[in-house]
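Input: a single structure, listed below in structure tokens.
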Amino acid sequence: MTITNQIVEPSALARPSTVIAPELLGCYLVRRLSEVEIIRGLIVETEAYAPGDPACHGYKKRTERNDVMFGTAGRGYVYLIYGMYHCFNVVTDGEGIPSAVLIRALLLDSLPAKTAAGPGKLCRVMQIDRSLNGVILQPNQPLWLEGRTPAFVQQLAAGAISFVQTTRIGLTQGTDLPWRWYIKNCPAVSKI
DNA sequence: TGACTGATTGGA
DNA sequence: CCAATCAGTCAT
């Protein structure tokens, strides 16, 4: 029996967000809502935010809001946008380096592809809000990451699955940086 | 303490 | 194209 759904340990995320962002495609974001209810979403779209990037919340200085981004890798950075939606990020790289990967879209089992096609929509369906800001991403917590399945790895190697790298969406700054990645031809991606 | 803004979304 | 809606940020 092949081992699947291995945990993505926080230590595995201690590298630049521009490296981690494409690596997270095909991995799973797992949310425990109660003793008996778990939601699992395939990550199909990501964006990287990094030091020197004017769109990064940590671009200017460390503040109460962006503090988690500056911390160690493997925590969740959650913030409120436009007063009504939350965005979920995976903190990457080392202590003191403002770096994170925004999870932009998930493909969920037994739900329409568009249900979590967008950062605000996926936080709504996964019930992620600022109470989860700073959460350590591991299985004894309400939120964690699991790796690609052997089937995904095999299809990627065979070319049956491929990735697209483009510029980020919805920004007013840093629009030239090609730091968005998504799974080609996946209906759950927010925009093409 | 006040004005302005935004890594979004859905509807006109 | 535009409004909804509010915490964070920065200027007074």
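Here is the naming used below: chain letters follow the sequence lines, and residue numbers restart at 1 for every chain.
More than 12 heavy atoms of other residues, nucleotides or ligands shown are found within 6.0 angstrom of NZ on A:Lys114.
For the OP1/OP2 pair of C:dT9 and a distance below 4.0 Å, the side-chain nitrogens and oxygens of A:Arg62 include no atom meeting the criterion. Distances shown here put a side-chain N or O of A:Lys121 below 4.0 Å from the OP1 or OP2 atom of B:dG10. For A:Arg65, a side-chain nitrogen or oxygen approaches OP1 or OP2 of C:dT9 to under 4.0 Å. Within the 4.0 Å cut-off from OP1 or OP2 of C:dG8, not a single side-chain nitrogen or oxygen of A:His57 is found.
Contacts between residues 83-99 of chain A and DNA chain C, defined by a heavy-atom separation under 4.0 Å, are made by A:Gly83, A:Met84. Within residues 169-192 of chain A, the residues that place at least one heavy atom under 4.0 Å from DNA chain B are, in residue-number order, A:Ile169, A:Gly170, A:Leu171, A:Thr172.
A gap of 22 Å separates the C1' atoms of B:dG10 and C:dA7, to the nearest Å. Using atom P as the reference point in both C:dT5 and B:dG2, the two lie 22 Å apart (nearest Å).
Both A:Leu80 and A:Gly118 lie near DNA chain B, and the one whose nearest nucleotide falls closer to the 5' end is A:Leu80.
A donor-acceptor contact under 3.5 Å links the side chain of A:Tyr79 to the base of B:dA7.
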Quiz item: Where does DNA chain C pair, written as one dot-bracket string 5' to 3', with Watson-Crick or G-U pairs under 3.5 Å, ( ) inside the strand, [ ] for crossing pairs and | for another strand?
Solution: ||||.||||||.

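Salt bridge annotation for A:Arg62-A:Glu95: present, with a cationic side-chain nitrogen under 4.0 angstrom from a carboxylate oxygen.
Nucleic acid contact class of A:Arg104 (heavy atoms, under 4.0 Å, all strands): sugar-phosphate only.
Note that SG of A:Cys186 is 7.0 Å distant from CG of A:Leu42, once rounded to the nearest 0.5 Å.
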